[in-house]
*Asks:* 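The following block contains the structure, expressed as structure tokens.
Predicted model only: the values in this text are computed from it and were never measured. Numbering of ligands and ligand atoms starts at 1, following listing order.
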Amino acid sequence: MRGGDEILRIEGLCVYFYTYAGVVRAVEDLNLTIYRGETFALVGETGCGKSVTMRAVLRLVPPPGRIVKGRIIFDGVDLLKLPEKEMRKIRGSKISMVFQDPNTALDPLYTAGYQTTETILAHRKVSKKSAWQRALELFKVVEIPEPKRRLRAYPHELSGGMKQRVVTSIALSLNPKLLIADEPTTALDVTIQAQILELLRDLQRKYGVTLVMITHNMGVVADMADRVAVMYAGSVVEVADVYELFGNPLHPYTKGLLRAIPSLTSRNERLQSIPGTVPNMIRPPPGCKFHPRCEYAMDVCKRERPRMIDMGKGHLVACHLYS
Ligand SMILES: Nc1ncnc2c1ncn2[C@@H]1O[C@H](COP(=O)(O)OP(=O)(O)OP(=O)(O)O)[C@@H](O)[C@H]1O
Ligand SMILES: [Mg+2]
């Protein structure tokens, strides 16, 4: 594990959505540290706040969402204190994000090449010609076949996987230090998913960027990540090295998630799911938010929010069973 040199530290982050139905506590008191050069996975069930957390890092939480509290320290600077103008410089050039749905990430009115060069021209003082040259290089890096021709293609002329590659090339165009990939999966079929993930892994190795992957696929985590954070209902409940997490999961929720993976030896066994449903984020349960679904719940779990405990070797868990 590459401990020590941290690139991103999130402290006490709260992101709420102010809806007519009430205040949705999408992210609550979230803490996370990510080290330079690692591949970090953020996992958890749908709606637990993975995308909102990483959008907060870019300060791109959509309304009615708002970052209410917390610190987001990137390379020593608190991003939440920066003027918008400074933040705009960081977005794309230092930190970039590949969003979940490639169909909405691209503008249908412009060619793939134009959208890539625009990003370069907006941040770098280079000629149009060299920006197009760079775009062509990037298309090769992300393994777009016939890259020259694809530069001139409009999004509707590209397949889903190809669009995802274009989006990835845009995200890489300014050599970001931190690349956030929001599960490029839902919109894509399984083989293309695997190809894109393979590509990201290669890029991570080649360029040493720090990669944060958002996923709910534990197989992907096992394949790719160095470290993992498990989120539940807006908070991180466990963080560990990938081998440690799979070999010695501590939080009952993590154990449940791992049990839900069908094992190779028991293909006929039914896929287990964790009983109960994700809590209402407007009125989350008191104490530990997982307690209504937890088979080990004790009295204290209903009253007190568990704090993150360091179990050694960088294995952190927020659960009263260990305090
Ligand atoms: N526009 C919005 N308005 C109101 N609530 C929102 C909005 N966007 C997100 N939320 C709330 O934030 C929570 C977290 O959403 P988020 O998109 O981060 O989940 P996720 O973990 O990325 O899920 P998935 O795996 O499905 O992508 C959701 O459960 C929802 O309650
Ligand atoms: Mg998401």
Side-chain angles (χ1 to χ4, degrees), residues 8 10 12-32 34 40-70 72 95-105 160 164 167-168 171 178-190 193 196-197 200 211-221 224-225 228-239 251 253-254 256-258 260-261 271 273-274 276-285 289-290 292-293 318:
L8 183 74
I10 305 177
L13 181 69
C14 296
V15 184
Y16 297 168
F17 286 86
Y18 294 84
T19 70
Y20 289 111
V23 179
V24 179
R25 293 159 192 271
V27 174
E28 191 148 56
D29 194 20
L30 181 135
N31 298 288
L32 204 56
I34 290 164
F40 191 89
L42 194 55
V43 301
E45 285 165 292
T46 181
C48 71
K50 304 180 295 294
S51 299
V52 169
T53 300
M54 294 324 286
R55 275 172 168 274
V57 171
L58 285 167
R59 291 193 8 205
L60 289 176
V61 175
R66 214 161 3 133
I67 298 172
V68 176
K69 232 176 14 195
I72 298 178
I95 307 175
S96 64
M97 184 155 173
V98 179
F99 290 102
Q100 209 155 7
D101 183 0
N103 295 308
T104 53
Q164 194 68 48
V167 171
T168 307
L178 177 65
L179 179 64
I180 302 163
D182 195 349
E183 192 152 74
T185 50
T186 19
L188 302 173
D189 79 52
V190 191
Q193 274 175 40
I196 296 282
L197 291 170
L200 289 174
L211 178 63
V212 176
M213 302 184 322
I214 299 176
T215 180
H216 35 215
N217 184 332
M218 281 299 205
V220 167
V221 173
M224 297 198 40
V228 191
V230 179
M231 275 187 79
Y232 185 77
S235 310
V236 170
V237 297
E238 185 161 4
V239 183
H251 199 285
Y253 176 64
T254 311
L257 273 187
L258 292 176
I261 312 175
L271 189 80
S273 63
I274 306 164
T277 49
V278 180
N280 175 333
M281 309 272 250
I282 294 179
R283 259 168 254 92
K289 282 180 268 186
F290 188 61
R293 295 170 80 182

*Asks:* Polar contacts were defined as any N/O atom of the residue lying under 3.5 Å from an N/O atom of the ligand; does this apply to Thr19 and ligand 1?
*Replies:*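 No, Thr19 has no N/O under 3.5 Å of an N/O on ligand 1.
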*Asks:* Just wondering, do Val239 and Val230 contact through their side chains at under 4.5 Å, heavy atoms?
*Replies:* no
*Asks:* N/O to N/O below 3.5 Å, does that happen between Gly47 and ligand 1?
*Replies:*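 Yes: some nitrogen or oxygen of Gly47 is under 3.5 Å from one in ligand 1.
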*Asks:* Atom CE of Met213 and atom CG of Asp182: how far apart are they, to the nearest 0.5 Å?
*Replies:* 11.0 Å
*Asks:* When you measure from the centre of the six-membered ring of Tyr16, is the NZ or CZ of Arg66 under 6.0 Å away and within 45° of the axis?
*Replies:* no
*Asks:* Is there a side-chain contact between Phe40 and Leu32 in this structure, where contact means two heavy atoms from C-beta onward sitting under 4.5 Å apart?
*Replies:*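 Of all side-chain heavy-atom pairs linking Leu32 with Phe40, at least one is under 4.5 Å.
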*Asks:* Could you say whether the N/O atoms of Cys48 and ligand 1 ever approach to under 3.5 Å?
*Replies:* yes
*Asks:* Say whether Lys50, considering both its backbone and side-chain N or O atoms, lies within less than 3.5 Å of an N or O atom on ligand 1.
*Replies:* yes
*Asks:* Among all protein heavy atoms, pick the one closest to atom 12 (O) of ligand 1 and tell me residue, atom and distance.
*Replies:*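 Of every protein heavy atom, Ala26 CB, 3.1 Å lies nearest to atom 12 (O) of ligand 1.
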*Asks:* Using salt bridge (Lys or Arg N to Asp or Glu O under 4.0 Å) as the criterion, list what pairs up with Glu28, not counting sequence neighbours.
*Replies:*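 Partners of Glu28 under the salt bridge (Lys or Arg N to Asp or Glu O under 4.0 Å) test: Arg25, Lys289, Arg305.
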*Asks:* Taking N or O atoms only and a 3.5 Å limit, does Gly49 qualify as a polar contact for ligand 1?
*Replies:* yes
*Asks:* For atom 5 (N) of ligand 1, which of Tyr16, Tyr20, Tyr18, Phe17 has the closest heavy atom?
*Replies:* Phe17
*Asks:* For a distance under 2.8 Å, give residue and atom name for each protein N, O or S atom next to the Mg ion (ligand 2).
*Replies:*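 Hits for the Mg ion (ligand 2) below 2.8 Å: Ser51 OG.
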*Asks:* Among all protein heavy atoms in this structure, tell me which lies nearest to atom 27 (O) of ligand 1, with the distance rounded to 0.1 Å.
*Replies:* Gln100 NE2, 3.0 Å
*Asks:* Minimum distance, heavy atoms only, to atom 26 (O) of ligand 1: which one of Thr46, Val52, Val27 is it?
*Replies:*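 It is Thr46 that holds the nearest heavy atom.
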*Asks:* In the protein, what heavy atom is nearest to atom 17 (O) of ligand 1, and what distance, to one decimal place, separates them?
*Replies:*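 Heavy-atom neighbour on the protein nearest atom 17 (O) of ligand 1: Ser51 CB, 3.8 Å.
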*Asks:* Can you name the residues that form a side-chain hydrogen bond (donor to acceptor under 3.5 Å, both in side chains) with Arg55, not counting sequence neighbours?
*Replies:*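 By the side-chain hydrogen bond (donor to acceptor under 3.5 Å, both in side chains) rule, Arg55 matches no residue at all.
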*Asks:* Would you call Tyr232 and Glu45 a side-chain contact if the rule is heavy atoms closer than 4.5 Å?
*Replies:*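 In contact.
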*Asks:* So, does Lys50 use its side chain to make a donor-acceptor pair with the main chain of Thr215 at under 3.5 Å?
*Replies:*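 No: the side chain of Lys50 does not pair with the backbone of Thr215.
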*Asks:* Answer yes or no for Pro62: is there a heavy-atom contact with ligand 1 below 4.0 Å?
*Replies:*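 Judged by the 4.0 Å heavy-atom criterion, Pro62 does not count as contacting ligand 1.
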*Asks:* Suppose we screen for side-chain contact (heavy atoms from CB on, under 4.5 Å). Which residues come up paired with Thr53, at least two apart in sequence or across chains?
*Replies:* Ile10, Leu13, Val27, Leu30, Met231
*Asks:* Here's a test for you: under side chain to side chain contact (heavy atoms under 4.5 Å, CB included), which of Ile95, Leu8, Leu178 qualifies with Val212?
*Replies:* Leu178
*Asks:* Taking the side chain as every heavy atom from C-beta outward, state whether Phe17 and Ile282 have any atom pair closer than 4.5 Å.
*Replies:*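 The answer is no, as the side chains (C-beta and beyond) never meet within the 4.5 Å cut-off.
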*Asks:* Can you tell if the side chain of Gln164 reaches within under 4.5 Å of the side chain of Val98, non-hydrogen atoms only?
*Replies:*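 SC-SC contact between Gln164 and Val98 confirmed.
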*Asks:* Looking only at distance, does Val24 have an N or O less than 3.5 Å from an N or O of ligand 1?
*Replies:*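 No, there is no polar N/O contact under 3.5 Å.
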